[in-house]
Amino acid sequence: MRMEMKKVFSSWLTFLCLGVTLACIGVFFAASAQNRDVLSGAYEELLAEYRAEYSEEEICGRLSGEKDRLWEETDAAGESAYTQKGKYADSLYGDFLLFNRAYETADYIYRRLPEGRRNLVKDSLSHITEESQKKHPDESVIRENETIIAKYNRVIPCELKSTGDLESMSAGFDHTYWDFLMIAFTAMLAVRMFTMDASSGAYRMLYSSVKGRKSLFLRQFAAVSAVVCAVAAVQSFCQMVCGALFFSVRDYSLPIQMAEEFEYCPYLLNVGEYFLIKFLMKLLFYLLMVSVSVLIAVLCRKPLPSLLWALVFGIGPLILMFGLYDYSASENVDPFGSTYRLFQLLRCVLPQSLLNIRTYFQNYDMIYFGGLPVGRLIPACLTTAAASAACFIVSLLRFGQPQKR
Amino acid sequence: MELQFENIGKTYRSRTALSDISVTLREGVYALLGPNGAGKSTWMNILAGLLKPDSGKITLDGKEISAMGKEFRRILGYLPQEPGFYPDFTGYALMKYFAEIKDVKAAEPKIGELLEFVNLSGDADRRYREYSGGMKRRLGIAVTLLNDPKILILDEPTAGLDPKERIRFRNIISSIGRNRIIIFATHIVSDIETIADQAILLKSGKIVLFGPIRSVLDSVRGRVWTLEADAREAEKYVMQHPNATIVKSGEHWNLRIVSGARPQGPAVEAKPCLEDVYMYWFEEHSLEGKENETVSL
């Protein structure tokens with residue numbers, strides 16, 4: 001495969017694309033550094049101290065009291081509150097901000113999170129009771145509510161720790177522009193690799209050689225996939241580094257629900273597992289993108305039309321999903337409207353959905369297959385894997401057959 | 001080693017590219033001669049496994065080559081009409097790549113040897129895009145010979161080469177022509193006389209003549225004439241024999257005419273060359289009555 005790698009990197013275009021991709025990562029890095037959480041160190045120190053000194057029951061009250069006291073002190077100090085040295089932060093006002101944040105976190109972890117989930121369970125219980133009392137109860141409603149209870153009636157093992165700022169950490173690296181860039185990069189790489197034999201004229205000599213077409217196909221496919229996966233891995237690694245350096249995302253063993261945006265996540269997952277799933281889903285999509293681009297290149301054999309078709313396949317549905325996501329996330333969305341239903345359906349089948357998996361983990365997001373509750377991510381995953389396999393097999397067969405004409 | 005073609009046929013839509021080709025080849029150099037569109041490349045591509053024939057089969061020592069698969073490709077070397085390689089690879093890198101593709105063990109010394117053989121060792125580190133047409137051809141030959149093929153297919157190998165390059169190429173082919181079946185397709189007749197043992201003349205997808213070079217030349221013996229004429233007479237002869245070759249010699253014109261009947265005037269029978277064979281068998285007007293004729297010599 002070393003020589004196939006050489007083929008990938010034999011053009012300035014590959015280096016240009018790679019340069020743009022790496023520059024983009026650099027920009028994300030710089031932007032993250034600019035938005036870094038300067039109080040994170042002091043904040044963690046504060047949490048550690050309270051965790052060690054007080055019990056769960058005491059923490060909220062203590063933090064609340066200290067927060068109020070600091071507010072009054074800040075108020076009384078006036079302008080000097082910004083210059084006067086605080087116990088944890090650089091200023092008194094900084095200390096107030098820290099305590100306010102710590103109180104919000106403690107309040108969320110010890111009160112709002114369990115309460116919100118308890119309420120969901122209660123609601124579901126009452127729905128079941130209500131439905132069961134009907135003359136003709138709807139079994140599917142009962143089943144769905146039973147699943148909700150099973151998912152939410154579980155203790156999330158939280159402790160007073162900071163998950164870090166997951167949202168800011170994702171702001172740059174998970175931006176849609178990055179997805180567009182990766183799609184273009186993947187398509188370019190795959191199309192070039194699989195049309196260069198035909199466009200250079202080398203294919204006749206290659207196909208009549210001992211190793212033959214299938215071996216050549218597999219090696220080329222592996223080379224393109226390896227480069228794409230490596231770029232995706234570098235991007236994820238940089239995101240982790242950024243998270244650790246600038247947004248205090250260091251403890252990957254904390255439950256994902258400790259980040260407020262995942263309050264209603266129905267799965268028992270930690271932050272690390274969430275990021276791993278996110279990375280794997282992206283890889284799955286990129287592999288599909290490789291397979292589709294290869295199929296188009298094998299069928300079309302001309303670089304430019306192949307590239308255009310591959311881009312249409314990759315970017316078209318992404319723009320559609322982007323638009324639908326904007327609509328479905330708006331406040332006035334009608335959950336029974338056709339657009340919303342279309343969005344939910346597409347989330348089950350469209351591979352592009354895998355590029356933004358956050359929505360699958362933020363709420364109860366299950367559908368029923370033969371009576372079994374399944375997260376919407378699973379069919380999206382299976383569809384993508386099946387489509388990748390189908391494209392791979394068809395292109396391998398087409399690539400591996402002598403021409404009839 | 002016996003390479004046998006049995007009733008090979010290939011049609012593109014309504015056009016017949018090859019029709020009922022049956023021939024047996026043994027070790028030696030075979031020239032496949034025919035005009036453009038005669039079916040030479042189709043035949044080469046079928047033998048190389050790049051095209052499927054519509055009918056017939058090809059066997060090597062009794063085994064069908066499509067069933068032999070890798071085993072056949074291991075002893076096959078194919079230099080297509082326009083080989084083409086990756087423009088940003090150096091000559092050496094291309095050799096290395098193809099050595100891997102052709103599963104050549106301990107390729108390094110072999111690569112050096114072949115680059116030396118085709119006189120490219122000094123340019124091995126230059127990119128393919130910087131090579132001249134002749135250098136590209138020579139590199140193509142070196143790549144083709146990497147696996148020491150027992151069956152070598154060369155499709156129009158001298159097209160686009162300057163005379164010096166062509167001579168160099170002929171020498172290469174002559175030096176490797178032992179214990180192999182070398183088939184080279186061409187429409188440049190001068191190549192054949194110096195390299196080939198036997199010639200296969202292909203016209204409209206059919207073999208019209210097959211045999212040793214001497215016998216092929218004999219096929220037009222008594223049909224080649226030379227004569228000297230002035231400008232007016234020469235014009236008259238050309239009207240009668242459009243395939244006539246004319247060379248100006250001082251005030252006069254020397255004409256070489258291929259014709260079944262002796263031309264009128266002071267025509268003298270000449271010793272045939274392969275160009276005459278080509279003119280006789282492939283010139284449109286000279287083929288009347290020979291369309292369905294197949295001669296094995």
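Note on naming: letters A, B, ... go to the chains in the order of the sequence lines (proteins, then strands), and numbering restarts at 1 for each one.
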J.: Give, as side chain, backbone, both or neither, the part of Thr144(B) having an atom under 4.5 angstrom from any heavy atom of chain A.
T.: both
J.: Identify which of Ser208(A), Ser215(A), Ala202(A), Ser199(A) forms the greatest number of heavy-atom pairs closer than 4.5 Å to chain B.
T.: Ser208(A)
J.: Side chains of Met3(A) and Ile101(B): does their closest heavy-atom pair fall under 4.5 Å?
T.: no
J.: Would you please name every residue forming a ring pair (Phe, Tyr, Trp, His ring centres under 6.0 Å) with Tyr131(B), sequence neighbours left out?
T.: none
J.: Tell me, please, which residues at least two apart from Thr90(B) pass side chain to side chain contact (heavy atoms under 4.5 Å, CB included).
T.: Tyr92(B), Ala93(B)
J.: Hey, which residues of residues 105-129 of chain B are touching chain A, say heavy atoms under 4.5 Å apart?
T.: none
J.: Any side-chain donor-acceptor pair under 3.5 Å between Lys7(A) and Tyr97(B)?
T.: yes
J.: Specify the closest pair of heavy atoms between Lys102(B) and Val210(A), including all atoms of both residues, with the distance to one decimal.
T.: O-CG2, 3.6 Å
J.: In chain order, what residues pass the salt bridge (charged side-chain N to carboxylate O under 4.0 Å, His left out) check against Asp197(B), with sequence neighbours excluded?
T.: none
J.: I need the Tyr203(A) OH to Leu50(B) CG distance, nearest 0.5 Å.
T.: 7.5 Å
J.: Compare every heavy atom of Met205(A) with every heavy atom of Gly140(B), then report the nearest pair and how far apart it is.
T.: O-CE, 3.8 Å
J.: Can you name the nearest heavy-atom pair linking Arg213(A) to Gly49(B), along with the distance?
T.: NH2-O, 3.0 Å
J.: What part of Phe98(B) gets closer than 4.5 Å to chain A, counting heavy atoms only: side chain, backbone, both or neither?
T.: side chain
J.: When you measure from the side chain of Arg73(B) to the backbone of Ser209(A), do you find a donor-acceptor pair of N or O atoms at a distance under 3.5 Å?
T.: yes
J.: Going from CZ on Phe85(B) to CG on Leu206(A), what distance comes out if it is rounded to the nearest 0.5 angstrom?
T.: 8.5 Å
J.: With respect to chain B, which residue among Lys6(A), Arg204(A), Glu4(A) yields the maximal number of heavy-atom pairs within a distance under 4.5 Å?
T.: Arg204(A)
J.: So does Asp61(B) have more than 12 non-hydrogen atoms from other groups sitting under 6.0 Å from CG?
T.: yes
